[in-house]
Amino acid sequence: MTSLLSSPDLTPQHPGDRFLIGPEPLSLAQAYNQADDAANGAVVAMSGMVRNQTGGKPVEALDYQAYEPMALQVFRQIGEQIRQQWPEVTRLVIHHRTGRLTVGEISVLVAVGCPHRGEAFAACQYAIDTLKHNAPIWKKECFSDGSTSWVNCC
Amino acid sequence: MTSLLSSPDLTPQHPGDRFLIGPEPLSLAQAYNQADDAANGAVVAMSGMVRNQTGGKPVEALDYQAYEPMALQVFRQIGEQIRQQWPEVTRLVIHHRTGRLTVGEISVLVAVGCPHRGEAFAACQYAIDTLKHNAPIWKKECFSDGSTSWVNCC
Amino acid sequence: MITVTVKLFAAYQDAFERSELTMELPEQTRVVDLCDRLIAQRPQLSAWRSQTRYGVNLQFVEPEQVLNHGDEVVLIPPVSGG
Amino acid sequence: MITVTVKLFAAYQDAFERSELTMELPEQTRVVDLCDRLIAQRPQLSAWRSQTRYGVNLQFVEPEQVLNHGDEVVLIPPVSGG
């Protein structure tokens with residue numbers, strides 16, 4: 001794994017970026033603090049959490065799996081693409097949780113700091129949209145009736 | 001004032017809305033908690049804070065004045081318009097601070113809860129854009145060189 | 001005659017050095033007439049005239065809105081909340 | 001022959017009841033050939049074939065990518081992070 005992570009093909013992490021993926025509960029306060037910067041005029045943060053139902057079927061829990069080293073590579077690429085499209089972005093924070101989450105628990109946090117809010121909204125939306133399409137992360141819905149199914153995001 | 005606030009012309013507050021305007025420091029955690037709802041799949045929050053410069057001129061502080069009862073009326077109207085355009089919105093939170101704020105302090109917080117993130121992003125952006133255009137709130141920039149000027153947002 | 005309260009903010013508050021005025025006005029006075037009267041007393045405010053919006057009893061109103069006894073009026077120079 | 005590691009997730013992990021395989025493969029094997037070999041062992045996976053993307057050494061690659069000794073391969077059925 002060490003050899004993979006030091007591969008010259010991997011995207012380097014921008015100094016303003018903070019990424020995290022793992023089983024610990026996520027903290028909005030921590031993500032927000034990591035997006036803080038004296039040059040910011042606005043921070044836009046998005047949290048995703050387990051909804052109480054999907055298509056009318058009551059959900060009990062979601063079970064998240066991730067290929068963590070590749071997910072982090074996707075996060076770094078998102079950071080690189082954001083810096084190309086919105087060079088004003090000071091900070092990009094992406095935290096994603098893994099394991100079993102029950103209703104109301106936060107599965108993902110994205111926070112973006114910027115001098116102006118327009119770019120912060122656009123970059124935050126770009127980050128979560130791209131994460132949902134490309135990050136190697138999977139969730140299984142566990143319904144109240146005991147059935148489960150792997151979700152296809154799009 | 002009592003008679004004004006009970007006027008039949010005023011917009012009633014939606015039960016999912018939480019508004020605040022005053023001199024106390026704002027808390028992202030409080031705003032976020034007020035946007036929490038079991039039907040949410042996403043919360044989008046935006047904070048605005050005092051930037052360290054405007055047009056290259058170093059800023060020391062901002063001084064906010066508000067016509068508070070009318071600002072709250074504008075917030076309630078924003079809530080009503082959001083419910084018309086995005087009926088899925090479960091919660092709308094707007095907190096605005098008044099008085100003297102120094103670099104890095106939060107002047108405004110908007111948080112929107114929704115089953116899906118797309119509507120949460122759109123409604124949050126609508127709320128802050130409309131607040132900036134219509135809420136009777138004014139800020140004076142206090143520059144490091146001692147000069148001051150009333151800001152025209154748009 | 002009617003009596004109205006006028007709330008002053010930003011440049012209007014600076015010019016009058018106070019946050020509220022009480023004014024006696026003839027019946028049928030429009031809110032724009034009230035504003036012109038105040039600008040006549042403080043000519044440095046004339047630059048704001050074309051950019052000022054008006055509120056009566058916490059609602060935005062047109063300049064031609066006729067005032068009633070007891071109204072609470074606000075003069076709204078360009079806002080900059082957020 | 002080359003040796004590669006295959007990371008399994010979601011439906012692939014369920015079908016093989018494990019999260020990782022080590023495979024010996026002929027030189028010049030493409031990543032899509034590896035996937036077809038696994039699907040042949042677990043036919044219930046064939047529904048995923050057309051929707052599966054491939055990663056090699058933490059990067060997305062085309063199905064025609066030729067594997068090298070020591071590669072870490074991942075089969076990526078439709079993702080659903082967030």
Side-chain angles (χ1 to χ4, degrees), chain A residues 26-33 35-56 58-59 62 88 90 101-129 131-132 139 141 151 153, chain B residues 26-33 35-56 58-59 62 88 90 101-129 131-132 139 141 151 153:
Chain A
L26 299 182
S27 153
L28 177 73
Q30 192 197 352
Y32 184 83
N33 289 340
D36 201 26
D37 189 291
N40 286 345
V43 172
V44 171
M46 201 245 24
S47 66
M49 65 279 301
V50 181
R51 238 190 358 263
N52 54 9
Q53 54 90 23
T54 294
V59 167
L62 294 180
E88 311 80 3
T90 62
L101 279 71
T102 54
V103 172
E105 287 195 278
I106 297 176
S107 54
V108 64
L109 288 168
V110 179
V112 177
C114 262
H116 301 282
R117 73 185 185 287
E119 291 83 1
F121 273 110
C124 187
Q125 244 175 315
Y126 173 84
I128 184 67
D129 289 350
L131 180 157
K132 290 208 170 221
K139 65 170 165 251
E141 285 173 332
V151 181
C153 88
Chain B
L26 300 182
S27 153
L28 177 74
Q30 191 195 353
Y32 183 83
N33 288 341
D36 201 26
D37 190 290
N40 287 344
V43 172
V44 172
M46 200 242 29
S47 66
M49 65 280 300
V50 181
R51 235 188 2 261
N52 54 7
Q53 55 89 23
T54 295
V59 167
L62 294 180
E88 311 81 3
T90 62
L101 278 70
T102 55
V103 172
E105 287 194 279
I106 297 176
S107 53
V108 64
L109 287 170
V110 179
V112 177
C114 261
H116 300 282
R117 73 186 186 286
E119 291 82 1
F121 273 109
C124 187
Q125 242 174 321
Y126 174 85
I128 184 66
D129 289 350
L131 180 156
K132 290 209 169 221
K139 65 171 164 248
E141 285 173 333
V151 180
C153 89

Item to check | Nearest-0.5 Å distance that lies between atom CG in A/D36 and atom CD1 in B/I106 | outcome: 8.0 Å

Checklist entry - Where on A/A29 is there a heavy atom nearer than 4.5 Å to chain B: the side chain, the backbone, both, or neither? => result neither

Next on the checklist: As an exercise: rank B/A120, B/C124, B/G104, B/A111 by heavy-atom pairs under 4.5 Å with chain A and give me the winner.
Outcome noted: B/C124

Checklist entry - When rounded to the nearest 0.5 angstrom, what is the spacing between NZ in A/K132 and CZ in B/R117? => result 4.5 Å

Next on the checklist: Heavy-atom pairs under 4.5 Å with chain A: which of B/A42, B/G41, B/A39 has the most?
Outcome noted: B/G41

Checklist entry - What part of A/D129 lies closer than 4.5 angstrom to a heavy atom of chain B: side chain, backbone, both or neither? => result both

Item to check | N/O donor-acceptor pair under 3.5 Å between B/R51 side chain and A/P115 backbone | outcome: yes

Item to check | Pick from A/V43, A/V44, A/N52 with the largest number of heavy-atom pairs that fall under 4.5 Å of chain B | outcome: A/V43

Checklist outcome for this item: Bottom line for A/V50: the part with an atom under 4.5 Å from chain B's heavy atoms is backbone

Item to check | For the student: nearest non-hydrogen atoms of B/N40 and A/M49, plus distance | outcome: O-CG, 3.5 Å

Checklist entry - If you count heavy-atom pairs under 4.5 Å with chain B, which of A/A38, A/S47, A/G118 comes out on top? => result A/S47

Checklist entry - If you tally heavy-atom pairs under 4.5 Å against chain A, which of B/G48, B/G113, B/A45 wins? => result B/A45

